[in-house]
Amino acid sequence: MTPVEAPQRAKADRPAVTSAASPLYASRQKVYPKRVFGRVRSVKWAVLIACLALYYIVPWLRWDRGPGMPDQAVLVDIGNARLFFFWIELWPQEIYFLAGALILGAFALFAVSALFGRLWCGFACPQTVWTDLFMWVERWIQGDRNARMKLDQGPRNANYWARKSLTHAAWLVIAAATGGAWIMYFVDAPTVTAEILTGRASLEVYFFFALFAGFTYLLAGWAREQVCTYMCPWPRFQAAMLDENSLVVTYRDWRGEPRGKAKDAHAGDCVDCYACVHVCPTGIDIRDGQQLECIGCGLCVDACDSVMGKLHRPKGLIAFETLKNLSASAAATAGMAPGEVRFAMGMAARQVPRFVRARTLMYAGALSAVALVMLGAFLLRSTLDVTVLRDRAPLYVRLSDGSIRNGYTVKIVNKRHDDAPLALTFQAPEGSRVTVQDVGHDDQGRPLLARRADGIAQYRVFLTAPSGMRLPESTPVTFRLMDASGRVAVSQSTAFLGPRP
Amino acid sequence: MPTKIEKDAVTGQETTGHEWDGVKELNNPLPKWWLWTFYATIVFGVAWMVIYPSLPGWKGSSGWVAREAVVADVAAAQAANAPMMARLREATPAQIAADPELRAFALAGGRVAFANNCAACHGAGGQGAVGGFPALVDDDWLWGGSLDAIEATIRHGIRTAEDADARNSAMPRFGLDGMLTNNQIGDVAEFVLWMTGRATHAAETERGRVIYAEQCAACHGATGEGNRELGVPRLSDQVWLYGSTKQDVMAMVRNPRMGVMPAWQGRLDPAVINMLTVYVHALGGGE
């Protein structure tokens with residue numbers, strides 16, 4: 001595998017404004033993305049609608065869990081320390097399932113990046129989705145690129161203020177809906193909606209509502225591409241996941257160069273129309289090669305394709321392409337004059353992208369390993385646990401008849417919704433007695449420990465070894481909790497301590 | 001600002017003019033809003049220092065005091081507990097023990113009150129301490145282990161001069177006051193060991209038995225069973241407050257030590273005394 005250099009073109013070559021010494025701080029160049037039609041745009045609309053629908057609808061899904069339980073399908077119930085996901089109910093000590101899901105998400109992101117480049121950034125990232133939505137609103141109220149530029153440069157008249165205030169009002173409404181929907185994942189959606197609207201919600205709810213609404217407005221309305229360029233750590237290190245076999249948005253310079261007029265027979269396919277630059281939501285020129293700022297949304301692909309279509313030239317001057325194919329095409333067409341032969345030679349030099357390679361296999365391996373471990377952990381997840389904490393102060397008690405007693409705190413962690421009592425039995429040296437405070441006994445004289453439905457029940461258990469029993473300093477004992485059918489529901493081993501013999 | 005403008009050959013980017021061992025820094029200008037955010041944090045910091053007590057001697061313009069915030073938090077917690085505490089004050093320990101809700105509250109509160117007030121002598125887990133601090137987890141009680149007996153002990157203390165209702169008893173100083181000779185004390189101690197099957201000298205035991213019947217049995221009982229009415233320890237069991245060896249027993253006969261426990265009535269809220277009563281009773285030895 002030979003490393004392939006991305007086509008480097010100095011940024012100074014750009015027709016940009018450069019002064020003698022650039023300042024240490026740069027003002028933002030406002031980006032006015034132009035409307036674009038095409039395949040990629042359609043996919044982006046579909047993903048946007050799907051993501052937004054998922055985000056806004058999920059909190060309203062209901063799931064019957066019986067009386068006294070929340071009926072919201074997806075709910076992070078902070079107050080009661082439960083995470084509900086349809087039929088799954090997680091306790092705080094099982095938060096590793098969430099960690100596992102996040103690890104799965106991370107590996108999936110790595111794998112997708114290695115195969116298809118910045119699909120996440122360009123299509124599904126909330127920053128991209130909400131910015132796209134905000135831009136759609138902006139375009140709807142203020143017009144397309146040229147109209148918006150004109151509006152900004154024009155006089156501050158009634159039309160200007162009307163359109164601007166309408167835009168920001170619409171943004172704030174969307175932002176409020178976003179912040180409101182976020183709250184609904186943590187409290188019952190219909191209840192909190194009514195509370196927010198009638199002013200009866202708690203201060204915390206209003207705080208988080210305002211926090212998320214405010215940041216949605218700020219990040220999608222004002223900050224936009226700067227979030228990706230300056231704030232987000234992911235673009236900085238995802239280069240480590242990409243290689244020459246990853247599909248990235250690229251300009252086929254071997255075909256486009258030298259740029260020139262459409263009628264110029266000696267020019268390449270690029271007519272230097274700047275359509276790709278005008279539609280770019282981050283305001284870059286894809287023809288400069290691979291850049292940090294590029295989120296891989298592919299809108300320039302659509303823009304260029306429509307221009308090529310009008311010129312009756314083959315589409316795909318800008319395309320999702322691997323850097324390996326790009327350099328292969330460039331090598332095959334080196335020194336050739338623009339024209340159909342160069343195009344055919346260049347396209348023929350391409351190969352089907354190698355999706356199966358060491359990197360993707362490792363990501364797939366890690367992905368399936370984590371998925372299997374999580375699945376196993378989930379299937380073996382216990383819904384009834386017992387923990388036995390032996391008293392440490394004192395380690396043991398000598399009673400007046402010389403017998404030795406140990407105290408234990410037994411906690412029954414019951415994740416189920418039934419509270420049938422469990423009979424306590426124990427395996428300990430012959431002759432020892434067990435007593436439990438505040439419980440009844442079954443017909444065999446065994447203590448009956450009630451469990452709390454969906455809760456933790458705690459008991460004080462005393463185990464007494466009679467006087468004269470020659471026990472070592474520490475003796476293993478096991479407590480067992482039997483269900484009504486006589487099966488051992490759960491057991492826990494601990495120790496019985498006594499004086500040094 | 002750099003004095004020498006230089007362009008990097010590879011990227012065409014200007015450098016800042018800084019160089020460290022041949023490594024040059026490119027000038028990728030920071031966005032302006034970043035700078036303004038930085039200034040905003042400085043403004044925030046200064047405002048914070050003005051509003052809050054940030055420097056020695058500066059009380060802050062808001063007058064906020066951490067201690068007052070804690071006091072307010074404690075007051076809020078006490079207000080939240082007030083109805084429960086009122087019920088605990090009204091109820092008897094027996095009523096509290098019978099009511100699951102009150103009992104759970106009393107056990108939780110009693111644990112804290114015990115750690116604050118009792119653990120210094122009786123140990124963190126009520127295990128007692130060497131030298132006359134009785135264990136509360138075992139089943140041996142000097143003055144009784146019922147809820148009422150425990151409550152009376154906590155309320156009035158043991159041998160507390162200030163409380164007229166304090167439990168009081170005294171054992172004569174048989175050795176110091178010349179009531180028994182050293183040999184007689186040895187004999188009676190041997191007999192006391194005999195009660196728990198540890199005697200080694202038959203003759204001493206027999207002499208001790210006579211002395212015991214004359215001098216000790218009135219309080220400690222003919223078989224050493226003790227007397228809770230008077231707080232007289234049982235001698236026939238395995239729990240020894242001041243030690244179980246012959247020397248320990250002789251020392252007690254010669255010059256008895258009689259422990260003192262303060263009276264908590266007046267020092268602690270009646271509700272807290274009730275909580276402690278229920279807690280101590282539940283430690284493992286309650287009767």
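A note on names: the letters A, B, ... follow the listed sequences, proteins ahead of strands, and every chain is numbered from 1. Bear in mind the structure is a predicted one, so any value in this text is a computation, not a measurement.
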Chemist: For A/Arg392, which atoms come within 4.5 Å of any heavy atom of chain B: side chain, backbone, both, or neither?
Modeler: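 Neither part.
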Chemist: With rounding to the nearest 0.5 angstrom, report the CD to CG distance, A/Gln437 to B/Leu107.
Modeler: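 Answer rounded to 0.5 Å: 8.0 Å.
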Chemist: Counting only heavy atoms not in A/Leu203, do more than 12 fall under 6.0 Å of its CG?
Modeler: no
Chemist: Would you tabulate the side-chain donor-acceptor contacts of residues 214-221 of chain A under 3.5 Å, counting partners in other chains and residues two or more places apart, or write 'none'?
Modeler:
| from | atom 1 | to | atom 2 | distance (Å) |
| --- | --- | --- | --- | --- |
| A/Thr216 | OG1 | A/Phe212 | O | 2.5 |
| A/Tyr217 | OH | A/His168 | ND1 | 2.7 |
| A/Tyr217 | OH | A/Trp222 | NE1 | 3.3 |

Chemist: Flag the one option from B/Asp140, B/Thr196, B/Val137, B/Asn28 with the top tally of heavy-atom pairs under 4.5 Å to chain A.
Modeler: B/Val137
Chemist: What are the two closest non-hydrogen atoms of B/Pro31 and A/Tyr25, and how far apart are they?
Modeler: O-CD2, 4.4 Å
Chemist: Mind ranking A/Leu395, A/Asp391, A/Leu399 by heavy-atom pairs under 4.5 Å with chain B and telling me who comes out on top?
Modeler: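 With the most close heavy-atom pairs to chain B, the winner is A/Leu399.
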Chemist: Who in residues 123-131 of chain B is close to chain A, using a strict under-4.5 Å heavy-atom cut-off?
Modeler: B/Gly125, B/Gln127
Chemist: Counting only heavy atoms from other residues, nucleotides and ligands, does the tally under 6.0 Å from CZ of A/Arg433 exceed 12?
Modeler: no
Chemist: Of the backbone (N, CA, C, O) and the side chain (C-beta and beyond), which part of A/Arg28 lies under 4.5 Å from a heavy atom of chain B, both, or neither?
Modeler: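 It is neither, since no heavy atom gets under 4.5 Å.
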Chemist: Do B/Arg103 and A/Asp438 sit within salt-bridge range, that is, some charged N less than 4.0 Å from a carboxylate O?
Modeler: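 Salt bridge: yes.
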Chemist: Could you look at B/Trp240 and say if it's the side chain, the backbone, both or neither that has a heavy atom under 4.5 Å from chain A?
Modeler: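 Neither part, no heavy atoms under 4.5 Å.
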Chemist: Hey, is CZ on A/Phe237 packed in by over 12 heavy atoms from elsewhere, all under 6.0 Å?
Modeler: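 Enclosed: over 12 neighbouring heavy atoms sit under 6.0 Å from CZ of A/Phe237.
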Chemist: Using every non-hydrogen atom in the two residues, find where B/Asp139 and A/Ser400 come nearest and quote the distance to one decimal.
Modeler: OD1-N, 2.9 Å
Chemist: Do any of residues 230-239 of chain B come closer than 4.5 Å to chain A, heavy atom to heavy atom, and if so which ones, in number order?
Modeler: B/Arg234, B/Asp237, B/Gln238, B/Val239
Chemist: Rounded at 0.5 Å granularity, tell me how far CD in A/Gln226 sits from CH2 in B/Trp34.
Modeler: 10.5 Å
Chemist: Report, by ascending residue number, the residues of residues 275-284 of chain B in heavy-atom contact with chain A at a distance under 4.5 Å; give 'none' if the set is empty.
Modeler: B/Ala282, B/Leu283, B/Gly284
Chemist: Would you indicate whether A/Arg460, at its atom CZ, is surrounded by more than 12 heavy atoms from other residues, nucleotides or ligands within a distance under 6.0 Å?
Modeler: yes
